[in-house]
There are 2 protein chains.
Amino acid sequence: MSPAGAGRRTPRRTRQRQAVADLLAAHPGFISAQRVHSLLAEGGIEVGLATVYRCLAQMVAGGELDTIVAESAEVLYRRCSADHHHHLVCRRCGTTVEVHDPQVESWADGVARAHGFADVNHRVEVMGVCRACAL
Amino acid sequence: MSPAGAGRRTPRRTRQRQAVADLLAAHPGFISAQRVHSLLAEGGIEVGLATVYRCLAQMVAGGELDTIVAESAEVLYRRCSADHHHHLVCRRCGTTVEVHDPQVESWADGVARAHGFADVNHRVEVMGVCRACAL
DNA sequence: ACGTACATGAGAACCATTATCAGTTACCTC
DNA sequence: GAGGTAACTGATAATGGTTCTCATGTACGT
Ligand SMILES: [Mn+2]
Ligand SMILES: [Mn+2]
Ligand SMILES: [Zn+2]
Ligand SMILES: [Zn+2]
């Protein structure tokens, strides 16, 4: 029988997957699947929309990407560091700062424990206008 | 001419608006518009789905309701206190605790200021399993 | 080079939400 | 209490992001 971690083999190297990965590696802020699709198209790289969604989902599953939900309820993706952190996002240009801060982690755990909640996780986003966009 | 706060007159008292308001007043956790609609229908109270959405939107605008976005990306509504706070939500039963804590407020502002961001707001949710649901 | 399991993509399906618009009604005025 | 009107309602269509379908294509181990 196969080893414990079966089913998790290396994904195929395809033109499409590479194009999506490259675009996200180069893009500094959060970006939607639809926008990834049209940016690729503008660059002359045809990738089906369904494939864009599939690639993004796989990269999220693999921990390569973080996601946030925009006010319009569309999902935005960004290449992020692997360890737990939160985001400070410019709502004008999308510039994003990763925030690694144990302070807010212990705060969240403390709040949950104080009310007897178990199996806790949290979602923290800070949004504002970055220095460059404020002029 | 009309006074400064023109256009904000009292909404009409209708059977439908009352039904939606009553349901949210009685409901302890967050709930979706679709679920409001079907709960009313189950109770024999016919209210059009469009009207449910309209009433909820108006109550949000009036500060009577808070909203969060579920993982499924659908919007959930809850009757909440007027002042700024965050939520500790049981992901099993939806039971919700309002968290008023200046600690996380100043943390968010501090993080933003440290990176030169202005006009800051934030989104903070803590999710877990409440004592009752943990058995 | 072959075979096949995996990947692709055009289009349909899905689903929450919003827009239309003709008919209804709360409520102000007389 | 009757009338007028702006607000409200709801069946239905439209929207838009996301997922599904399935016939076709292809990366890669052999
Ligand atoms: Mn955290
Ligand atoms: Mn806060
Ligand atoms: Zn900016
Ligand atoms: Zn619970």
Side-chain angles (χ1 to χ4, degrees), chain A residues 2-3 5-24 30-62 64-78, chain B residues 2-3 5-24 30-62 64-78:
Chain A
S2 24
R8 215 144 303 228
R9 69 182 60 191
T10 309
R12 285 190 192 167
R13 188 85 53 83
T14 67
R15 175 181 68 80
Q16 294 87 341
R17 186 186 303 280
Q18 193 64 51
V20 172
D22 287 352
L23 191 149
L24 266 100
F30 281 90
I31 184 174
S32 71
Q34 302 277 349
R35 189 151 169 65
V36 168
H37 178 250
S38 51
L39 280 183
L40 289 175
E42 286 174 23
I45 304 176
E46 296 295 331
V47 179
L49 182 55
T51 299
V52 171
Y53 275 104
R54 266 188 302 250
C55 290
L56 292 174
Q58 288 165 358
M59 294 173 79
V60 169
E64 299 177 59
L65 302 183
D66 279 0
T67 64
I68 61 176
V69 179
E71 305 162 36
S72 61
E74 73 184 328
V75 179
L76 307 182
Y77 304 82
R78 179 178 182 267
Chain B
S2 23
R8 214 140 308 222
R9 72 182 57 192
T10 310
R12 284 190 194 166
R13 190 84 52 84
T14 67
R15 173 182 68 79
Q16 294 88 341
R17 186 185 303 281
Q18 194 65 49
V20 172
D22 288 351
L23 191 149
L24 266 98
F30 281 89
I31 184 175
S32 71
Q34 302 279 349
R35 188 151 170 66
V36 168
H37 179 250
S38 51
L39 280 182
L40 289 174
E42 286 173 23
I45 304 174
E46 297 294 331
V47 179
L49 182 57
T51 299
V52 170
Y53 274 104
R54 266 188 302 250
C55 290
L56 291 174
Q58 288 165 358
M59 295 173 79
V60 169
E64 299 175 59
L65 303 183
D66 278 1
T67 63
I68 61 176
V69 179
E71 304 162 35
S72 61
E74 74 184 326
V75 180
L76 307 182
Y77 304 82
R78 179 178 182 267

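So that the names make sense, note that chain A is the first sequence line, chain B the second, and so on, each numbered from 1. What you are looking at is a predicted structure, and each value in this text was computed from that prediction instead of being measured.
- In this structure, B/L56 places its CG atom 10 Å from P of C/dT18, rounding to the nearest Å.
- Using a 4.0 Å heavy-atom distance criterion, B/E46 is classed as a sugar-phosphate-only contact.
- Between B/I31 atom CD1 and C/dA16 atom C1' there is a gap of 15 Å when expressed in whole angstrom units.
- When the P atom of C/dC15 is taken as reference, atom CZ of B/R35 falls 17 Å away, rounded to whole Å.
- You'll find that the side chain of B/R54 is closest to D/dT9, out of D/dT9, C/dC27, C/dT8.
- Out of C/dG9, D/dG10, D/dT18, the shortest distance to the side chain of A/L49 is found at D/dT18.
- The side chain of B/T51 lies closest to D/dT9 when the candidates are D/dT9, C/dT17, C/dT8.
- B/I45 has its CD1 atom 14 Å from the P atom of D/dT9, to the nearest Å.
- Each of A/A50 and A/P11 was assigned the nucleotide of DNA chain D with the nearest heavy atom; the assignment lying further toward the 5' end belongs to A/A50.
- In this structure, the CD atom of B/Q18 is 14 Å from the P atom of D/dC8, given to the nearest Å.
- A close approach under 4.0 Å does occur between a side-chain nitrogen or oxygen of A/Q16 and OP1 or OP2 of C/dG9.
- Here A/Y53 reaches the OP1 or OP2 of D/dT18: one of its side-chain N or O atoms lies under 4.0 Å away.
- Atom CD of B/E74 is separated from atom P of D/dG17 by 18 Å (rounded to the nearest Å).
- Within the 4.5 Å cutoff, side-chain heavy atoms of A/R15 are placed close to those of A/I45.
- The shortest distance between side-chain heavy atoms of A/L56 and A/L24 falls below 4.5 Å.
- Listed nucleotides: D/dT18, C/dG9, D/dT9. Nearest to the side chain of A/A33: D/dT18.
- Here C/dA16 presents its P atom at 12 Å from CG of B/L76, a figure rounded to the nearest Å.
- In this structure, CG of B/L40 is placed 11 Å from P of D/dG10, rounded to the nearest angstrom.
- When each of B/R12 and B/G48 is assigned the nucleotide of DNA chain D bearing its nearest heavy atom, the one mapping closer to the 5' terminus is B/R12.
- The shortest side-chain heavy-atom distance between B/L23 and B/I31 falls under the 4.5 Å cut-off.
- Between A/L76 and the choices A/D66, A/I68, A/L65, the side chain to side chain contact (heavy atoms under 4.5 Å, CB included) rule is met once, by A/I68.
- For C/dT8, the OP1/OP2 oxygens have a side-chain nitrogen or oxygen of A/T14 closer than 4.0 Å.
- With DNA chain C read from its 5' end, the first of the two nearest nucleotides for B/R15 and B/A73 is the one closest to B/A73.
- Residues B/Q34 and B/L49 meet the side-chain proximity criterion, which asks for heavy atoms closer than 4.5 Å.
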